Amino acid sequence: MLEKRPSPLMKFFFKVPLFMHKLGLGGWERLIGAQWMLLTTTGRKTGKQRETLVDVMDYNTTTDTYFIEAAYGAHADWYKNIQAQPIFQAQVGRRKFTANAKELDQQDTGEMLVQFFRRKPAYTRSVMAMVGLKFKDENELRALGNKLTLLSVTPVSHDHSST
């Protein structure tokens with residue numbers, strides 16, 4: 001996880017895609033080679049519904065598991081909300097489902113970062129640079145797995161899913 005929280009400007013920048021999604025413009029991220037998951041969590045202090053978009057780094061069709069990034073790890077409000085209330089709502093594209101999340105270990109996080117980089121090198125470098133991380137090669141990227149938090153997200157029950 002990263003040590004410092006995003007600046008107000010970065011927070012605004014991260015919120016723009018959420019605003020676009022609320023306007024019905026979700027899905028445009030595919031134009032830049034990304035896939036995002038809309039998380040709806042319950043605020044741990046307020047009890048209000050909170051929404052945020054996160055990168056989907058991978059999807060395992062066999063296990064129906066999405067892998068998402070929490071660059072600010074334990075500092076991110078949405079991550080703290082999931083820790084307090086592990087069942088939340090998720091949406092990828094038009095698919096909405098009730099989900100839970102589990103943190104990956106550092107080795108799996110490093111490997112997931114490398115696999116994501118191999119598929120999307122320019123996107124990976126730009127996203128990492130936005131949060132103040134740079135790397136020279138796959139070994140340095142793998143080592144960043146010690147600083148970042150990745151989560152596996154799975155539907156709680158397929159009865160709550162829709163495609």
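Everything numeric here is computed off the predicted structure, so don't read it as measured data. Values below: all heavy atoms of this structure, side chains included; hydrogens, waters and symmetry mates excluded.
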S.K.: Between T154 and D64, does the side chain to side chain donor-acceptor pair (under 3.5 Å) criterion hold? Intermediate values first, please.
M.R.: CA-CA 6 Å; T154 53; D64 196 15; over 6 Å; no
S.K.: Is M128 close to L148 at the side-chain level, that is, under 4.5 Å between some pair of heavy atoms?
M.R.: yes
S.K.: State, to 0.1 Å, how close L151 and T149 come at their nearest heavy-atom pair, and which atoms those are.
M.R.: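 Shortest heavy-atom separation between L151 and T149 comes out as CD2-CG2, 4.2 Å.
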S.K.: Roughly how far, to the nearest 0.5 Å, is the CG atom of L141 from the CE atom of M112?
M.R.: 12.0 Å
S.K.: Distance check, rounded to the nearest 0.5 Å: L104 atom CG versus E111 atom CD?
M.R.: 11.5 Å
S.K.: Got L39 and I68 here, is their nearest side-chain heavy-atom distance under 4.5 Å?
M.R.: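 When only atoms from C-beta onward are counted, I68 and L39 do touch, with a gap below 4.5 Å.
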S.K.: Find out whether N81 and F88 are in side-chain contact, i.e. whether some heavy atom of one side chain is under 4.5 Å from a heavy atom of the other.
M.R.: no
S.K.: Measuring only between side-chain heavy atoms, which start at C-beta, is W78 closer than 4.5 Å to E51?
M.R.: no
S.K.: Is K120 paired with D55 through a side-chain N to carboxylate O contact shorter than 4.0 Å?
M.R.: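 So D55 does not pair with K120 through a salt bridge.
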S.K.: Given side chains that start at C-beta, do those of Q91 and M37 come closer than 4.5 Å, heavy atoms only?
M.R.: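 SC-SC contact between Q91 and M37 ruled out.
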S.K.: Considering residues, nucleotides and ligands other than Q49, do more than 12 of their heavy atoms fall under 6.0 Å from its CD?
M.R.: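 Enclosed: over 12 neighbouring heavy atoms sit under 6.0 Å from CD of Q49.
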S.K.: Closest heavy-atom contact between S152 and T65?
M.R.: CB-CG2, 3.6 Å
S.K.: Looking at every heavy atom in both K136 and R125, which two are closest together, and how far apart are they?
M.R.: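 Nearest heavy atoms, K136 then R125: O-NH2, 3.7 Å.
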S.K.: Write out all pairs satisfying salt bridge (Lys or Arg N to Asp or Glu O under 4.0 Å) with one or both partners inside residues 97-110, taking only residues at least two apart or from two chains.
M.R.: none
S.K.: Please name the pair of heavy atoms, one in A101 and one in I82, separated by the smallest distance, quoted to 0.1 Å.
M.R.: CB-CG2, 4.3 Å
S.K.: Got a second to check how far T124's OG1 is from Q115's CD, nearest 0.5 Å?
M.R.: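 Between atom OG1 of T124 and atom CD of Q115 there are 11.0 Å.
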S.K.: I'd like to know whether L38 forms a side chain to side chain contact (heavy atoms under 4.5 Å, CB included) with Q89, so could you lay out the CA-CA distance, the side-chain angles of the two residues, the decisive distance to 0.1 Å, and finally the verdict.
M.R.: CA-CA 8 Å; L38 174 65; Q89 298 301 308; over 6 Å; no
S.K.: Quick check: do R44 and D77 have side-chain heavy atoms less than 4.5 Å from each other?
M.R.: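 The answer is yes; the side chains approach within 4.5 Å.
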S.K.: Please tell me if the side chains of T41 and Q85 come closer than 4.5 Å, counting only heavy atoms from C-beta onward.
M.R.: no
S.K.: Roughly how far, to the nearest 0.5 Å, is the CZ atom of R142 from the CG atom of D137?
M.R.: 9.0 Å
S.K.: Could you check whether F116 and F67 have their ring centres less than 6.0 Å apart?
M.R.: no
S.K.: Rounded to the nearest 0.5 Å, what separation is found between the CG atom of L144 and the CD atom of Q106?
M.R.: 11.5 Å
S.K.: Do you know the tightest heavy-atom contact between K134 and E140?
M.R.: O-OE1, 4.4 Å
S.K.: If a pair satisfies ring pair (Phe, Tyr, Trp, His ring centres under 6.0 Å) and one of its residues is in residues 45-64, list it, with sequence neighbours excluded.
M.R.: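 Checked against ring pair (Phe, Tyr, Trp, His ring centres under 6.0 Å) - neighbours excluded - the pairs reaching residues 45-64 are Y59-Y66.
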S.K.: How many angstroms lie between CG in D58 and CD in Q35, if you round to the nearest 0.5 Å?
M.R.: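 Between atom CG of D58 and atom CD of Q35 there are 9.5 Å.
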S.K.: Do F97 and V153 have side chains that get closer than 4.5 Å, going by heavy atoms?
M.R.: yes
